[in-house]
Amino acid sequence: MISEEKKREILAAFAASLKRDNSAQIESYSLSELRDADAMLGDRDVNADYRLALQNRIADLEKGVDRKHESKVRAWHLVTALIIGLVIAGLAKLLFG
């Protein structure tokens, strides 16, 4: 869990990034820090611009994690299919010569 000071720092960075239209400030925070800050806010400022930006950033980071996982799964499926294909080809050659 992050500290109250860290939460304020994150929220200030999101508010400043909206004013300056610059997302470089908010890219340095990890997904866990952003989730903690969002959880610490609770039901407060649900429709505030900085809160929506925070939730959008969390969603974007979660999509990135999901995409990495899906990419690894696809790679393993490809490797598995290739191995199975080679085994079948080898057995066919061995049995049917």
How far does OG of Ser17 sit from CG of Leu54, to the nearest 0.5 angstrom? 10.0 Å
Residues at least two apart in sequence or cross-chain that pass salt bridge (charged side-chain N to carboxylate O under 4.0 Å, His left out) with Arg35, listed by chain then number, are Glu62
Distance (rounded to the nearest 0.5 Å) between Leu31 CG and Asp60 CG: 10.5 Å
Heavy atoms, side chains only, cut-off 4.5 Å: are Ser71 and Lys68 in contact? no
Linked, directly or transitively: Ile84 and Trp76 (ILVMFWY side chains, under 4.5 Å): no
Answer yes if Leu52 and Leu18 sit in the same cluster of Ile, Leu, Val, Met, Phe, Trp and Tyr residues linked by side chain heavy atoms under 4.5 Å apart, and no otherwise. no
Ignoring hydrogens, what is the shortest heavy-atom contact between Glu33 and Ile2? Give both atom names and the distance. O-CD1, 3.7 Å
For residues 3-16, run the donor-acceptor check on the side chains, cut-off 3.5 Å, and write out each pair with its distance to 0.1 Å, sequence neighbours left out.
{"from": "Ser3", "atom 1": "OG", "to": "Lys6", "atom 2": "N", "distance (Å)": "3.2"}
{"from": "Glu4", "atom 1": "OE2", "to": "Lys7", "atom 2": "NZ", "distance (Å)": "2.8"}
{"from": "Glu9", "atom 1": "OE2", "to": "Tyr29", "atom 2": "OH", "distance (Å)": "3.1"}

According to a 4.5 Å side-chain heavy-atom criterion applied to Ile, Leu, Val, Met, Phe, Trp and Tyr, with indirect links allowed, do Val87 and Val79 form part of one hydrophobic cluster? yes
Close side-chain approach of Leu61 to Val65, heavy-atom, < 4.5 Å: no
All salt bridge (charged side-chain N to carboxylate O under 4.0 Å, His left out) counterparts of Arg51, not counting sequence neighbours: Asp38
